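Reviewing the structure listed below.
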Amino acid sequence: MSKQSAYIVGALRPPLRGGGFFSLLLTFALAGACAANAADTNQSQQITEQAGVVMDFKPSPPGSYKLYDIKTAPDGKVLDIDGKARSLSEFTGGRITLLSFIYSSCADPSGCPFAYLVFHNLQNRLERHPEFKGSIRLVSLSFDPRRDTPEVLKLYAGDSGNASRGAPWDFLTTASLHDLIPILDAYGQDVYIDVDPVTKKPLSTLSHVLKVFLIDRNHVIREIYTTAYLSPDVVYNDILTLLMEEGINLP
Amino acid sequence: MPKCNNRFSLKALAAAVSATVALGVVALPTLSHADETACSPFTPLIKGQEDLVYVWTLGVEGIGDGSDKLVTVDVRPGSKTFGKVINSLSVGGRGEAHHMGFSDDRRYMWAGALDSNKMFVFDIGTDPSKPKLVRTITDLVEKTGYVGPHTFYALPGRMMIQALSNAKDHGGVTGIAVYSNDGKFISKHDMPTTKVGGVQGDGYGYDIGINPQKNVLLTSSFTGWNNYMMDLGKMVKDPDAMKHFGNTMAIWNLKTMEPTKVFDVPGAPLEVRWSLKKGDNWAVTATALTSQLYVIKQDKKGEWQAHDVGTIGNPADIPLPVDISITADGKGLWVNTFMDGMTRYWDFHDPMHPKEVFKEKIGSQVNMVSQSFDGKRVYYTTSLLGNWDKKGKDDEQFLKMYKWNGKKLSHVFTIDFYKEKLGRAHHMKFQALNLSKLKPLAAAESQDLDSLKLALTEPKGK
């Protein structure tokens, strides 16, 4: 969304927010959003190029397509950044959620670092629009519970994990593989432990195909991205599409 | 055959990762590359030596148990069972088995039957050498009105299915269905029947090819149930039947699932193959009835255009081009012609001016061709459709493997599917025993390591 359209939204009197006329107006405002900010698009292209991904197309305008219900987002036991036991479902409902599985020591340029850059770009972009506050969250769940303790993830998150951010980014881990593996299986996220071909001992690296899940407020997965089709511009427009679909709840 | 992706306790390794759980799987010493060039870009690839070839096989009355079946062949060099059938899994009954496709994690294989409209989902991840039927989906007609599930093409978390026909008149007007990996219907998308980009859509469908770099989906067109279930000899003598073949291709916006342009491609354009070379912007198909190669390519303005780029054999002889297989670098294309049993290699260094540079007879009839990712191994099967295959002694049914050195094919093995009491050999797909070796299409090459799947063993007593 351009600054101008965000300004229009902010200027509306409260009774007009949340539906009817407001939804219609916002639909028009958001329809031009993806093309409005060339700097965002340039950065989006840089991020995908760094990951070795070619995305040679202009993303479809938000609201010009439908994101279908794929499946209910599976639940599971997780730990938040303070080490508190939580249900994953607490992080996949109530807001539009972007969820990825990562591990903090991943060095694959088309893996976790790529997802991190995409999320970081989206967090900054979404926070420029105060009307989105409370509507969206980002979640990174580690699949390396042995090393990615809550303390480590807190360091990894840095300021991105600050709970007061307009678009909060939750960093989660699990207490053990016992808690983790049912979650990975339910989401269809394969993870392999790399093994030294000679000694057959586990190495510190994990092989995985990057998957990112877009989940609506009702815990339903609406889009799944892999490296071949992940770019900040595409995800941003999909988030806007979900917001348009629900008329957008403003604070 | 060693199991690979099963889960069982491996306590010594477990200690290295977690005190409470164990890891699974014995890592295999070698790996694989494979006809990975026809897979969905969302399916991880075997970029080495394939271990297994699955053959989706039509049951034939009086041959073995008579049922459609998934046949597994060991193709690991040096294996005691190299070139042998190591497993055969019948699905019970005959439904016109045809094509199949991997799920996005390559742990499951979806396979379709064009007459019964059943879609079978096999677990090929737990033990790739022993596929297990885990789901049979029977609601395609009810949910979509489409008939004849043909192409299975993975999207992340979903399966896209191109149908061939419809339940209303069993003609060629049809569409694309999307199911979740759990086997639940998600959406349907009719093939274009209006003018799109100035060309009239005929509503027919056949194959699917996605280019995520361009956010496009390319579709082709064939014919409906009335024709594909008719005896071939009878059909070609029926002028009215011969009018009912697709003459179009369509390019779609992948995100919106809306067709953006229809192309005139007369004569039933069949398989769709995108060049996988990074930055390439073209796909190729072959027309069955008119014996032409077409390239769909972006022009300088970014507009997609269809180009007739070559003639396969002598069209007057009706060689009937069927399956094609593109090399991973987009520089070569195998083209099979069913009627004369020939395979032909085309040089595609210049996709707008390709040239046939090699041909060889594979059998009395030949349909499918699949090449390894490195292009060094080529596999062939024979069956086209149950009622279209040749009769009598010309009805050879086999899987053949050859080595290809860029100049000639060297025969390695033949499995006679009638002698083995299996049936008609149709679609092939490769698999690795160790799924951790699979690589995403878009991924950079990384160090080749053995791997163990993260796996869980419940503590005793729980």
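Convention: sequence-line order gives letters A, B, ...; per-chain numbering from 1. Keep in mind the model is a prediction, meaning the values are calculated, not measured.
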Note to self: Using side-chain contact (heavy atoms from CB on, under 4.5 Å), reason through A:Met55 and B:Asn215 one step at a time and then give a plain yes or no.
What the structure shows: CA-CA 8 Å; A:Met55 301 285 273; B:Asn215 186 40; over 6 Å; no

Note to self: On a heavy-atom basis, which atom in A:Ile70 and which in B:Ile186 lie closest, and how many Å separate them?
What the structure shows: CA-CD1, 4.0 Å

Margin query: What part of B:Asp182 gets within 4.5 angstrom of chain A, counting heavy atoms only: side chain, backbone, both, or neither?
Written below: side chain

Note to self: Is there a side-chain contact (heavy atoms from CB on, under 4.5 Å) between B:Leu254 and A:Tyr229? Walk through the geometry before answering.
What the structure shows: CA-CA 11 Å; B:Leu254 176 60; A:Tyr229 203 63; 4.0 Å; yes

Item checked: A:Asp56 portion near chain B, given a 4.5 angstrom heavy-atom threshold -> both

Notebook entry, point to check: Checking ring-ring contact (aromatic ring centres under 6.0 Å, His included) for the pair A:Tyr68/B:His189: CA distance, chi angles, key distance, verdict?
Noted result: CA-CA 12 Å; A:Tyr68 292 91; B:His189 309 271; 5.7 Å; yes

Note to self: Tell me every residue that passes side-chain contact (heavy atoms from CB on, under 4.5 Å) with A:Pro113, counting only those two or more places apart in sequence or in another chain.
What the structure shows: A:Cys106

Note to self: Please determine whether side-chain contact (heavy atoms from CB on, under 4.5 Å) holds for the pair A:Tyr192 and B:Leu435, giving the CA-CA distance in whole Å, both sets of side-chain angles, and the decisive distance to 0.1 Å.
What the structure shows: CA-CA 9 Å; A:Tyr192 297 91; B:Leu435 301 189; 3.4 Å; yes

Next item on the list: Sort B:Asp105 into side chain, backbone, both or neither according to what part of it lies under 4.5 angstrom from a heavy atom of chain A.
Entry: both

Notebook entry, point to check: Are any of the side-chain nitrogens in B:Lys255 or A:Asp238 under 4.0 Å away from the carboxylate oxygens of its partner?
Noted result: yes

Next item on the list: Could I get the full list of side-chain contact (heavy atoms from CB on, under 4.5 Å) partners for A:Ala73, not counting sequence neighbours?
Entry: A:Thr92, A:Tyr187, A:Ile215, A:Ile221

Checklist line | B:Asp104-A:Thr226 side chain donor-acceptor pair, cut-off 3.5 Å | finding: no

Checklist line | Any B:Lys214 side-chain heavy atom under 4.5 Å of A:Val54 side chain | finding: no

Note to self: Check B:Glu258 with A:Lys66, please: is the shortest side-chain N to carboxylate O separation under 4.0 Å?
What the structure shows: no

